[in-house]
Amino acid sequence: MRLKNHVRLEFFSRPENVSLARTCAAACAAQVDCTLDEMEEIKLVVSEAVSNCIIHGYDNRADEKIVMELNLYENENLEIIIYDYGRGIDDIDQALQPAYSSVPGHMGMGFVFMKSFMDYMNVESSPGDGTTVKLTRNLGQRSNQALA
Amino acid sequence: MRLKNHVRLEFFSRPENVSLARTCAAACAAQVDCTLDEMEEIKLVVSEAVSNCIIHGYDNRADEKIVMELNLYENENLEIIIYDYGRGIDDIDQALQPAYSSVPGHMGMGFVFMKSFMDYMNVESSPGDGTTVKLTRNLGQRSNQALA
Amino acid sequence: MNLDIKIIKDTLMVRVGGEMDMLVADQLRYEIDRVIRGKNIRNLILDMEAVTFMDSAGLAVILGRYKKMAASGGKMYIIKARPGVKKVLELSGVDKLVAICTDEKDIINL
Amino acid sequence: MNLDIKIIKDTLMVRVGGEMDMLVADQLRYEIDRVIRGKNIRNLILDMEAVTFMDSAGLAVILGRYKKMAASGGKMYIIKARPGVKKVLELSGVDKLVAICTDEKDIINL
Ligand SMILES: Nc1ncnc2c1ncn2[C@@H]1O[C@H](COP(=O)(O)OP(=O)(O)O)[C@@H](O)[C@H]1O
Ligand SMILES: Nc1ncnc2c1ncn2[C@@H]1O[C@H](COP(=O)(O)OP(=O)(O)O)[C@@H](O)[C@H]1O
């Protein structure tokens, strides 16, 4: 499938950049005729994934590097790839369990949200080297409906 | 001066990414207590510099690479570096002249706006290799006033 | 984040505005707990009308406050949440613990 | 971009909304010129109330339409521009060519 747009955002692992990342992803989603609901859901999943990089990947250390890649395809699939170079995940199956969190006081709902709101989610991690979350969502529902 | 935040945005040379870039720069500026006027001016200069990369640097070819780097320092200086790998500028002095444009129908005001709205502007270019515009603006006026 | 906290008899009324994410979660938690401490609060009403975005960091603050209230036999209510915020409350199951109400009148009828 | 074009007698009333940058400049130019073509338009009023952002690409569309109107002896006015948009019009000197008016009443008094 042909790429319509490609955006790569690299930023420090600071709490204020969570909103910067979701704003940027929403601006990219807005380039196709998506619904407000879709835009809110994109914001939510980006927020969860980036927060995870900061909190879990880097144990809240600022000034570490997080990358978000946005690939928008001609068929209006938006692919969001978010990764860090942090501690990584030892047991991905456990991490994906609803309500599981390795940090007390956290909800353990991040991956649940990502999975529910996106069409596809993949988590890859090498302990000590970092974690990559790949998320895909088709934003063409509205224009497909208009065609039908 | 210590770096408070660093953001790097890489994107295709497409008209729809001009607004994405200015949204991202504004989101970064919003991390300090800047005024709405300052935010609007940041948006304007980013818009001018990125449009130049697309129109002049790449002759409106899509899918070429543009980079925007945002460095926010502890003293609330925001440094914006925007560059392309396009045709470059042969005569920078001429390019900086108000109302000069190499393309008919264009205003020739881009650099004038960048210079007026920022504290510092520097343009570097190697013909055939690309152009880099570096812009700096202090956003701490308001908090400095509050201190005085 | 905007935050406005008021005590009316034994009810704590908290109005939050803006985006409830990890950037503001600690402050929000701290400010609410500071006001509750030592007082006999029976009800906590969280007015979310001006909350434009909430992720699981914001959700964790709500769940934590609910647990605190429940531990002392108190109740917690959320009013005026927008559809996007409500969706997050529902998907997480927090709506089973904290009553999601339209507005103040809705609480009285509960 | 939102665009609403109306002809009232010999006056073209153009209402633009959104961000006037290079993404929309071509379309805006095209749509206005298409309506003007072959008609005896004496006044062009550009209502910019809903324009939230404008850079020099938007400015170029305005200057081009001004030149077109001036060439045929017509006049151009801008009404309801926000402070940020006005600043760009002034810094570029376009305000010396196109009258920047508060609203329609202001034009009549001109
Ligand atoms: N980027 C990451 N780096 C390291 N560990 C992670 C990362 N993302 C998620 N995890 C692990 O997966 C667990 C579940 O994540 P999530 O479902 O988002 O819930 P929460 O963030 O509330 O803990 C986390 O508690 C953490 O142990
Ligand atoms: N990124 C760039 N690559 C190549 N040439 C550029 C670039 N930016 C500016 N220029 C040159 O500088 C000139 C003046 O730029 P500017 O003041 O922004 O006015 P305008 O964009 O309206 O032409 C342009 O016409 C072009 O020749």
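A, B, ... follow the sequence lines: proteins, then strands. Residue 1 opens every chain.
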Discussion item. D:L23 vs B:V18, test: side chain to side chain contact (heavy atoms under 4.5 Å, CB included). Steps then yes/no.
Written reply: CA-CA 8 Å; D:L23 178 64; B:V18 178; over 6 Å; no
Extract the chain D to chain B donor-acceptor pairs under 3.5 Å, no hydrogen or angle test applied.
from: D:E19; atom 1: OE1; to: B:R22; atom 2: NH2; distance (Å): 2.7
from: D:D21; atom 1: OD2; to: B:R22; atom 2: NH1; distance (Å): 2.9
from: D:D21; atom 1: OD2; to: B:R22; atom 2: NH2; distance (Å): 3.0
from: D:D55; atom 1: OD2; to: B:S47; atom 2: OG; distance (Å): 2.6
from: D:S56; atom 1: N; to: B:E48; atom 2: OE2; distance (Å): 2.7
from: D:S56; atom 1: OG; to: B:E48; atom 2: OE1; distance (Å): 2.5
from: D:S56; atom 1: OG; to: B:E48; atom 2: OE2; distance (Å): 3.1
from: D:K87; atom 1: NZ; to: B:E41; atom 2: OE2; distance (Å): 2.5

Fill in: D:L59, part contacting chain B, at a heavy-atom distance under 4.5 Å
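Both the backbone and the side chain of D:L59 come within 4.5 Å of chain B.
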Discussion item. Quick check on D:V94 against chain B: is it the side chain, the backbone, both or neither that has a heavy atom closer than 4.5 Å?
Written reply: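 Just its side chain gets close to chain B.
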Item to complete: Only pairs at least two apart or in different chains count here, so list each salt bridge (charged side-chain N to carboxylate O under 4.0 Å, His left out) that has a residue in residues 7-18 of chain D.
Response: D:D4-D:R15, D:R15-D:D47
Fill in: Heavy-atom pair of closest approach, residues D:A60 and B:G105
CB-O, 3.5 Å
Fill in: Nearest non-hydrogen partners of D:L91 and B:F117, listed with the distance
CD2-CZ, 3.7 Å
Discussion item. Please check if the number of heavy atoms outside B:L36 that lie under 6.0 Å from its CG is greater than 12.
Written reply: no
Worksheet item: So which part of B:I54 gets closer than 4.5 Å to some heavy atom of chain D, the side chain, the backbone, both or neither?
Response: side chain
